[in-house]
Amino acid sequence: MADHVQGLAQLEILCKQLYETTDTAVRHQAEKALVEFTNSPDCLSKCQLLLERGSSSYSQLLAATCLSKLVSRTSNPLPLEQRIDIRNYVLNYLATRPKLAAFVTQALIQLYARITKLGWFDCQKDDYVFRNVIADVTRFLQDSVEHCIIGVTILSQLTNEINQADTTHPLTKHRKIASSFRDSSLFDIFTLSCNLLKQASGKNLNLNDESQHGLLMQLLKLSYNCLNYDFIGTSTDESSDDLCTVQIPTSWRSAFLDSSTLQLFFNLYHSIPPSLSPLVLSCLVQIASVRRSLFNNAERAKFLSHLVDGVKRILANPQCLPDPNNYHEFCRLLARLKSNYQLGELVKVENYPEVIRLIANFTVTSLQHWEFAPNSVHYLLSLWQRLAASVPYVKATEPHLLETYTPEVTKAYITSRLESVHVILRDGLEDPLDDAGLVQQQLDQLSTIGRCEYEKTCALLVQLFDQAAQSYQELLQSTNSNAVDITVQEVGRLTWLVYIIGAVIGGRVSFASTDEQDAMDGELVCRVLQLMNLTDSRLAQAGNERLELAMLSFFEQFRKIYIGDQVQKSSKLYRRLSEVLGLNNETMVLSVFIGKIITNLKYWGQCEPITSKTLQLLNDLSLGYPSVRKLVKLSAVQFMLNNHTSEHFSFLGVNNQSNLSDMRCRTTFYTALGRLLMVDLGEDEDQFEQFMLPLTAAFEAVAQMLSTNTFNEQEAKRTLVGLVRDLRGIAFAFNAKTSFMMLFDWIYPAYMPILQRAIELWYHDPACTTPVLKLMAELVHNRSQRLLFDVSSPNGILLFRETSKMITTYGNRILTLGEVPKDQVYGVKLKGVSVCFTMLKAVLSGNYVNFGVFRLYGDDALDNALQTFIKLLLSIPHSDLLDYPKLSQSFYSLLEVLTQDHMNFIASLEPQVVMYILSSISEGLTALADTMVCTG
């Protein structure tokens, strides 16, 4: 007995050291000792002693967490009787000690929930012993407020626990338990929570009393957990909650047909303090998202009517909405009105005209206060976007009034963004334009909203743009010293306007567009192009990065809608461009695009965001066949094809200040140039040689450097990395046999040894090796059957030998690095290994190599490549194979090819290697992620 007491005292000291000490070494020692305790055979009995006699909350927490681990373990699980005893003990412990520390109560409730979930299907004498949860909790609910809180928290935690899948147990078992709990207990728990809420709202609760406040909060959490339950096992990602429909079972119909449930939550919202209202609104969001098929048409109309009445009441009494959490949840509730109901249903609601007016006013006010809760605006804009998109399809005779209110929303958004510029500059606030993702999301929504009553949107944009542009021009000519600050302000306003004009042009829908709207688009495009001419003429003195990015966003939208096959060339837009700017046809408009691209690459070559977006625009233009044929005829494009050197395009230079990874955009550039070159290339080898001259010179320079013992390593690396990125772009673009054969003959055998030498020298530097390996993977990829050699040609075998040599060289050297820190292992090792797997898969499945030849002639290239694959594979833990998606995808794809065509090699492997491969397939199949497991 004395030993037990001494042991307990020791455990209590260790708990205090673990949770209270600031000394890392002491905490580490305590943690080590406590881990040993949790794994000891007498852990269970000692946990009970700790709960009975422990004097500190920390020791009680330790006991509860240890017991949770014991009941959760899959190997050597606790017997049923023991688990029943623990369950009963925990309930009694909580009932007799209602004033434990909050974290101890939480841990014990978690333990109860875990035991109940894992034992849900356990029987004792034909009785499911863990299913009588409501009976377990009833005694708590009939006692003091503290006991009530514990009882409600138990139900809330249990609902949450059963709803969440855990990785230690199979997903099928989780769904079976979740479905059984849903069918047998969940509705009773939800009904109980609603009844308790009704009782609470009927009494005059003293919400200044902390315990009564706590009880109400737990009841609302319980209701929310019931409504947020994954009823049909879809496990939707929370980030996509806009599309979420709550799949309420048909057996719950009565609760939703009875308007008192909905009314209960709306009444609660108005009667409880703002700190709790977000929870009420979260429940209302779920109730508003109940699946449509739960009701027939008449029932749905009645339900929607009550819902809209409740929303109207909140809008008419907005006292709680200034609280950011309330505001956010209310915006979500408004968005659900349209995501779950049709506009034709909404307009039939009795108070629709009044409600749409209130929602419009609320939206306008919200947009004007742009600095308040910017993340909530998304929901308001999504509501209006869906409303505006539905207008052409409304069959109802009742007026929808959107032609009145949508322009107000559009105007509020545009004017509030313009007014924000001055405030941001004055107060040094964070600029929303810096969050490109958020701006793009809002512009996508505005593109639909702005197209509703487009004449008004266009008139507003023309008026605001003309004001800002005129003011900007006057300021440029001014000599006033204050002009600089005001100029920055006007550029900010113009930046927003260019973004918004691009968005509304991108919102054009071909079947709903008219000639008048195309003419309006022409007005807007003319203005942006005139502004571009003005800003480009001043780039030698100064430029504005944000405005340039806005221009590129505009060009991207303009390209998608008006360039290529999408639009008739007789469009009124082209007529307007011809009248104002003399751009008579698409070819002349394309010359403006190319002129802008060349200007950007000339002046913004060192600005990565602008360069990459400019090159992406060039790449997109080079994809459409009709536009490519027109592009090639332009003198500016011919200039690019003949002068792609750092002298003309600074981003192609070997800049010692920049990072090696900053050269990625070069691949995009050369992919576009490759496509443009191919249009008229045919079999003209002289034209090809001429185009490749700068790359030939670069390869010769690298070869010269590597041939001497003393060379500038950094310069050699930069030249080589830039070169292989350029070549990868060309190789990707050349997907026809004739052009690809020219590239192959150019690179092999002359320059292949340089690539092999680079891998030997710099295998430990992924910034250098990854581009080289990716180039090789592209060269061996038989894209569009471009690698079809003549029957008598040995090129396929020679290409495979080079591939094998590179994989073997890289593989053997990378394995000499030894242990790599976990946070660097992907960049330093696994990324290169993944590319090697992709390369090997491409060459094995390319159908241009006769693999039987290697054994016949005693060539070990195939064996070397496959043995290197096995060595690399065995150096990777299973967990890493699944943790890195690109690695798992390349591995499983390669394994599929090997099992289809090289089964004799798989069969000859050592037993432990085969076991490793089989277990990797098994783990891949049971992984939760969408891993591409082989089918072989």
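These numbers were taken from a predicted model, which means no experiment stands behind them.
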Looking at [X] and [Y], would you say the former's side chain and the latter's main chain have a donor-acceptor pair under 3.5 Å?
X	Y	result
Arg336	Gln286	no
Lys117	Glu161	yes
Ser271	Asn267	yes
Thr457	Gly450	yes

Just verifying a value: how many Å separate [X] [atom1] and [Y] [atom2], rounded to the nearest 0.5 Å?
X	Y	atom1	atom2	answer
Glu350	Glu398	CD	CD	12.0 Å
Ile287	Leu307	CD1	CG	9.0 Å
Ser260	His306	OG	NE2	9.5 Å
Ile86	Leu108	CD1	CG	11.5 Å

Is there a side-chain contact between [X] and [Y] in this structure, where contact means two heavy atoms from C-beta onward sitting under 4.5 Å apart?
X	Y	answer
Val355	Asp309	no
Leu333	Phe330	yes
Leu281	Asn325	no
Gln157	Gln106	yes
Leu222	Cys226	yes
Arg131	Ser185	no

Excluding sequence neighbours, so at least two apart, what forms salt bridge (Lys or Arg N to Asp or Glu O under 4.0 Å) with [X]?
X	result
Glu299	Arg253
Arg182	none
Glu408	none
Arg83	Asp122

With no hydrogens and no angle check, do the side chains of [X] and [Y] hold a donor and an acceptor under 3.5 Å apart?
X	Y	answer
His147	Gln142	no
Arg300	Ser305	no
Tyr393	Gln342	no
Tyr112	Asp136	yes
Asn163	Asn225	no
Asp444	Gln440	yes

Geometric class of the [Y]/[X] ring pair [parallel <30°, tilted 30-60°, perpendicular >60°]:
X	Y	answer
Tyr341	Phe303	tilted
Phe231	Trp252	perpendicular
Tyr229	Phe181	tilted

Item to complete: Step by step, work out the side chain to side chain donor-acceptor pair (under 3.5 Å) result for Ser259 and Lys302.
Response: CA-CA 9 Å; Ser259 61; Lys302 187 179 171 190; 5.9 Å; no
Worksheet item: Do Lys411 and Glu453 meet the salt-bridge criterion of a basic N to acidic O distance under 4.0 Å?
Response: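 Result for this pair is no, no salt bridge flagged.
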Practice prompt. Apply side chain to side chain donor-acceptor pair (under 3.5 Å) to the pair Ser289 and Thr245, showing each step before the final yes or no.
Written response: CA-CA 5 Å; Ser289 309; Thr245 301; over 6 Å; no
Practice prompt. Test Gln368 against Glu419 for side chain to side chain donor-acceptor pair (under 3.5 Å), laying out the working first.
Written response: CA-CA 9 Å; Gln368 285 166 347; Glu419 284 157 14; over 6 Å; no
Worksheet entry | Partners meeting ring pair (Phe, Tyr, Trp, His ring centres under 6.0 Å) with Tyr327 (sequence neighbours left out) | Phe362, Phe372
Worksheet item: Between Trp384 and Thr406, is a side chain to side chain donor-acceptor pair (under 3.5 Å) present by the stated rule, with each step listed?
Response: CA-CA 7 Å; Trp384 286 98; Thr406 310; over 6 Å; no
Practice prompt. Check Ile449 against Ala388 and note the closest heavy-atom contact, atom names and distance.
Written response: CA-CB, 4.1 Å
Practice prompt. Identify the heavy atoms of Leu264 and Cys194 that sit nearest to each other, and give their distance.
Written response: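 Nearest pair, atom of Leu264 first, then Cys194: CD2-O, 3.7 Å.
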Worksheet item: salt bridge (Lys or Arg N to Asp or Glu O under 4.0 Å): which pairs involve residues 355-380, sequence neighbours left out?
Response: Glu354-Arg357
